[in-house]
Amino acid sequence: MERSIVHMDLDTFFVSCVRLQNSDLEGIPLIVGGGDRGVVASCSYEARRFGVHSAMPIKMALRLCPEARIVKGDMELFSRYSHTVSQIIEEKAPVMEKASIDEFYLDITGMDRFHGSYKWTHELSSLVTRETGLPISFALSVNKTVSKIGTGEGKPKGNLEIPQAMVQPFLNPLSIRKIPMVGNATFTLLSRIGIRSIGTLAEMPAKVLQEMIGLNGLELWKKANGIDHTPVEPYRERKSLSTEDTFHQDTTDMVFLRAVLSGMVEKLAYQLRSEGWLTSNVTVKIRYSNFDTETRQVTLAYTSADHTLTRAVLEAFEKLYQRRMSLRLVGVRFGRLVRGSYQINLFEDTQEMMSLYQAMDKIKNRFGANAVMRCSGAFVKPKMN
């Protein structure tokens, strides 16, 4: 049976949420992001006409569009709207996967026996907009890759249906940049040998692509040929991430304890970013040598940045650890997780900080989580009591 896979994407999600709170922002160039040294988290179509785009430094965005209005992001607001949309879709769809805070995949294979699949999807998107006020685009096709590309091509509000017979004619004229896994490095490499369209890429021998790009070469060839058997994974929201360490010997060494906690935060924060999460709740746990266990929670703005989370954890630890009795265990937990498609907190951090995290994550992705780490998180041996 030919699969029916839907990709749904909330249009300019952050901008739409902000406008629902303030109708005076309708119809004007709008940028959602941080301060002057921050970067653009999202921008309206009115701002995009001037060349503004996500992850652009706000200073550059204002040079391109001086009349743009800047609004600070509110992840709590965005999370609330995202959760509402998730509930609406989950109640109607047989299988739903939440890919990010504003993206969803649906597997509605077989539904055309009872309803027209396109008609059903259109009615669902209309329901989302009617219930929340948020505009949403979708594309219906035979797999995730084609559906996702279709949603991007149909925006705004251009809902597409791409049956199997139309997959290759639809993909062939498009730039290879439209394939989700093609980044700047891959695009540059392929462009040098004249491969810029998906059609040209699809005609290349898969073996040649593998020799050029490595293991991802075969996957890239498959996607260019409209082949993607990746299943839609049922939506299960992760509640928290945590880790703890029981020491071989109880200790009061503050330098060692801070280093252990910093290292824990760095590893958990990398996991947050790798899996596309943001957290707004930090819990520190300690266990004394007499087995008394205490915890302290801290609430902060949604983030996945090491430096913000480390500061919160260490401050909580200083307030929690008051008895100066030896500790046998420390732990860290990140809770109240929400989906976020950004590598760091774009609403508070600078472009320089974003570049640092992206570089560190790239090294960790290639060589492992311990390949690079902050000095503050490097574990040292505890002093003997």
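Just so it is clear, the model here is predicted, and its values are computed rather than measured.
Gln271 and Glu275 share a side-chain donor-acceptor pair at under 3.5 Å. In this model, a donor atom of one side chain and an acceptor atom of the other lie less than 3.5 Å apart for Lys98 and Ser82. Checked by atom type, the side-chain pair Asp253/Thr251 shows no donor-acceptor distance below 3.5 Å. Between the side chains of Thr200 and Ser197, at least one donor N or O sits under 3.5 Å from an acceptor N or O. Between the side chains of Asn225 and Gln168, not a single donor N or O lies within less than 3.5 Å of an accepting N or O. Defined by atom type and a distance below 3.5 Å, a donor-acceptor pair is missing between the side-chain atoms of Asp9 and Thr151.
Closest of all the heavy-atom pairs between Val265 and Phe334 is CG1-CZ, 4.1 Å. Across Thr132 and Leu20, no two heavy atoms sit closer than the pair O-CD1, 3.4 Å. When all heavy atoms of His53 and Val40 are compared, the pair lying nearest together is O-CB, 3.6 Å.
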message: Using the rule given for side-chain contact (heavy atoms from CB on, under 4.5 Å), can you reason through Trp120 versus Met111, listing the C-alpha separation, both sets of side-chain angles and the distance that settles it, and then say yes or no?
response: CA-CA 9 Å; Trp120 181 90; Met111 190 170 286; 3.4 Å; yes
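Interatomic distance, Leu309 CG to Ser262 OG, rounded to the nearest 0.5 Å: 11.5 Å. Within the model, atoms OG1 of Thr230 and CG of Asn143 stand 8.0 Å from one another, a figure rounded to the nearest 0.5 Å. Expressed to the nearest 0.5 Å, how far OG of Ser117 lies from NZ of Lys119 amounts to 11.5 Å. In this structure, the separation between CD1 on Ile31 and OG on Ser44 is 8.0 Å, given to the nearest 0.5 Å. Once rounded to the nearest 0.5 Å, the distance linking OG1 of Thr310 with CZ of Phe317 reads 14.0 Å. Considering CZ of Phe170 and CD of Glu161, their distance stands at 12.5 Å, rounded to 0.5 Å.
Cation-pi geometry between Arg323 and Tyr288 is satisfied (NZ or CZ under 6.0 Å from the ring centre, within 45° of the ring normal). Geometrically, Arg48 engages Tyr45 in a cation-pi contact defined by less than 6.0 Å to the ring centre and at most 45° from the axis.
Using cut-offs of 30° and 60° for the angle between ring planes, the Phe138 and Tyr118 rings count as tilted.
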Output a table of donor-acceptor pairs, distance under 3.5 Å, between side-chain atoms of residues 211-223 and any protein atom two or more places apart or on a different chain; print 'none' if there are none.
| residue | atom | partner | partner atom | Å |
| --- | --- | --- | --- | --- |
| Trp221 | NE1 | Ala202 | O | 3.4 |
| Trp221 | NE1 | Met204 | O | 2.9 |
| Lys223 | NZ | Thr145 | OG1 | 3.2 |

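Ring to ring, Phe78 and Tyr302 are not that close: their centroids are 6.0 angstrom or more apart.
Residue Arg287 forms a side chain to side chain donor-acceptor pair (under 3.5 Å) with just one option from Thr293, Thr246, Asp292, Thr295, and that option is Thr293.
With Ser16 contributing its side chain and Asp11 its backbone, the two residues share a donor-acceptor pair below 3.5 Å.
Lys148 and Glu103 are joined by a salt bridge, as a carboxylate oxygen and a charged side-chain nitrogen come within less than 4.0 angstrom of each other.
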